[in-house]
Amino acid sequence: MKLIINAIRKHLGMFLTAIFFLSIETMADLLQPTFMSYIVDNGVKEQDIGKIIQYGAIMLGIAAAGALGAVMRNIFASYTSQRIGKEMRADIYKKVQTLSFENIDRLQASSIITRITSDVTQIQNFINGTMRIMMKAPITCIGAVALIILQTPQQLPMMVLIIGIATLLIGANMKLGYPRFGRQQRKLDKLNEVSREFLSSIRVVKAFGAEQQEEEKFGEAAAEFSSAGVSATRVAAVFSPLINLTVNMGIVVLLWISGTGEAGKIGRTMASVNYMTQVLFSLGMVSNILNAFVRAVASAQRVEEILQEEPVQKDGANQGGPELLCPRGSVEFRNVTFYYAGTGRPSVQALSFSVQPGETIGIIGPTGSGKTTLVSLIPRFYDATEGQVLVDGTDVTQWSMDRLRENIAVVPQKALLFSGTIEENLRWGKPDASGEEIVHASKIACADEFVEGFAEKYETSLGQGGVNLSGGQKQRLSIARALLKNPRILILDDCTSALDASTEASVLAGLREQAEGMTVFLISQRISTVMKADRILCMEDGQVRGLGTHRELLDGCPAYRAIYESQIGGKIYG
Ligand code: ADP
Ligand code: MG
């Protein structure tokens, strides 16, 4: 609610201008029946053409003013609400950028999308509606009641009664509708999530012939959303006719009263019935706008939830941490345990080891053994639940986040490329990289060879997520992007998995040359990939099973030996 008020306050000038034009429009609507009654009572009844023309001209003038007011009000209302929507979206977007992975895991990406799109639209519609009609209803009510008191005061008690009943109905409608709209919005989140998941995994779904299953999942989410919608609409469906009934009954009763009491004054009777309709119609509008209000408040709450979300991680620089310029690249884990939020089991447990600057450390272990989790603690994608991760002897939470991440490059397991040209994608690593640097990095990553094969070479456009490349090509580009950054610490998370053995070997050889002095974490499930690393960390169930050179592990680490035998086979000492 505060969100909506603040948004309006920020654009108060525009808002009030819209209200001003709205008032002109409303006044015009209000005056029409009065002049109509003059025409009927004075002009028509006395057959005075001059008066008819005179009043007619005034009515025309009022109608013109009203139309102008309506047009202007429309322009200002649309402009203001669009502006507010745009700013609100930008605020959410900016906020999301500052959040930690843990926040985003908790909020869920699909829910953030619904908030940026549908929730902001609800708020926008409400604000627009406010400027269009909400203010019109009270002005009409007060104005019409005043004119009735002036012209036909005996109808007032009846009117108050009718307004009272209508107000009660509207109140009940709001009370019942409120929680239902909130529920509908949450179901929309779920539906978005299912759709997103399906669309991003469509290949896998098709490959496994799992369309049926996915269809059921989607059908379920869609059904839940629709039943929540039905339940929300049902409330309106019960109350709208009730309110209408009150309005129409009111007209009948009032016509009857004025018909018997004010016989002879046809024009005045027409006018008062017209006012009656206007008042009750306004009340109907109030109930509509209140529905919109209820939705907008529910949406505003959801938007506020994001805007008020505090990043789980604090930037070390803001806590007076050291402003280290350039780390040497030593990394130490001190008894580190990490739980993902909402899981009861640690994903990595009691990790203690240290890595020297310039060392290449291989990490091997089966899927789910915690390799990705381990390395994501270094650039602070997540923070250790227990224990400490240190870079150059300083706890990573004490580092300035920017400084820390500037010096680390991560090549994720699943290569992430953006839509744009290949060159634009590579420049993510270093915006001011020269053409030579780009080609050099691409050569080391063995990307140059296939890029040169494209007609437009580095200018080739990639679809969203690099859809027009093979998995191995994407991997090589994302390695080149990381190399271009020339980081102190390079994290390669199983990013050569889609390369054939000889390409992988030449990428690794190039890396070894380029990575002189760089600390490298090289994750793989393949022994052949990590074998040549300075030391190898063997992970299983989130724990370190062994740390040493290939030979040392073969001798001393049964887990490593088992992997070796399953992949390379044979006896080692023959
Ligand atoms: P690896 O990289 O070795 O395959 P991960 O580090 O990805 O293993 O996963 C380790 C464990 O943590 C697994 O049990 C996995 O299910 C869990 N896990 C990974 N990411 C998340 C997450 N975002 N939320 C909850 N659990 C997760
Ligand atoms: Mg992994």
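This one's a predicted model, so the numbers in the text were calculated from it and none came from an experiment. As the structure lists them, so they are numbered: ligands from 1, and atoms in each ligand from 1.
At least one heavy atom of Gly368 sits closer than 4.0 Å to an atom of ligand 1.
Using a distance-only test at 3.5 Å, with no hydrogens or angles considered, no donor-acceptor pair links the side chain of Asn335 to the main chain of Glu386. Proximity of a side-chain donor or acceptor of Ser524 to a complementary backbone N or O of Val530 within less than 3.5 Å is not detected.
The shortest contact between atom 8 (O) of ligand 1 and any protein heavy atom is with Gly370 N, 3.2 Å. Scanning the protein heavy atoms around atom 18 (N) of ligand 1, the nearest turns out to be Tyr340 CE1, 3.3 Å.
Considering backbone and side-chain atoms alike, Ser369 places an N or O below 3.5 Å from some N or O of ligand 1. Considering backbone and side-chain atoms together, Thr367 places no N or O closer than 3.5 Å to any N or O of ligand 1. For the pair Gln413 and ligand 1, the shortest N or O to N or O distance does not fall below 3.5 Å.
In this pair, Tyr382 and Phe101 present their aromatic rings perpendicular. The plane angle is above 60°, beyond the 30 to 60° band.
With no hydrogens or angles considered, no side-chain donor-acceptor pair links Asp402 and Ser400 at under 3.5 Å. In this model, a donor atom of one side chain and an acceptor atom of the other lie less than 3.5 Å apart for Gln413 and Thr372. No side-chain donor from either of Arg535 and Thr549 sits under 3.5 Å from a side-chain acceptor of the other.
None of Glu216, Lys217, Gln212 except one satisfies the side chain to side chain contact (heavy atoms under 4.5 Å, CB included) rule with Glu214; the exception is Lys217. Under the side chain to side chain contact (heavy atoms under 4.5 Å, CB included) rule, Leu522 has a single partner from Leu492, Asp534, Ile364, which is Leu492. The one candidate from Thr421, Asp448, Asn425 that meets the side-chain hydrogen bond (donor to acceptor under 3.5 Å, both in side chains) condition with Tyr458 is Asp448.
Residue Ser347 has at least one heavy-atom neighbour below 4.0 Å for each of these atoms of ligand 1: 11 (C), 12 (O), 17 (C). Close contacts between ligand 1 and Pro366 involve ligand atoms 3 (O) [criterion: under 4.0 Å to a heavy atom]. Ligand 1 places these atoms under 4.0 Å from at least one heavy atom of Thr373: 5 (P), 6 (O), 9 (O), 10 (C).
With waters left out, the protein N, O or S atoms under 2.8 Å from the Mg ion (ligand 2) add up to 2.
Atom 12 (O) of ligand 1 is approached by the protein to below 4.0 angstrom, counting heavy atoms only. Atom 25 (C) of ligand 1 is approached by the protein to below 4.0 angstrom, counting heavy atoms only.
Annotation: ring pair (Phe, Tyr, Trp, His ring centres under 6.0 Å) contacts involving residues 516-558, sequence neighbours excluded, comprise His550-Tyr560, His550-Tyr564.
Between Lys457 and Glu423 there is no salt bridge, since no side-chain nitrogen of the basic residue lies less than 4.0 Å from a carboxylate oxygen of the acidic one.
Checked against a 6.0 Å centroid threshold, the rings of Phe198 and Phe218 do not count as neighbours.
Looking at Val375, Asp105, Ile104, Thr372, it is Thr372 that brings a heavy atom closest to atom 7 (O) of ligand 1.
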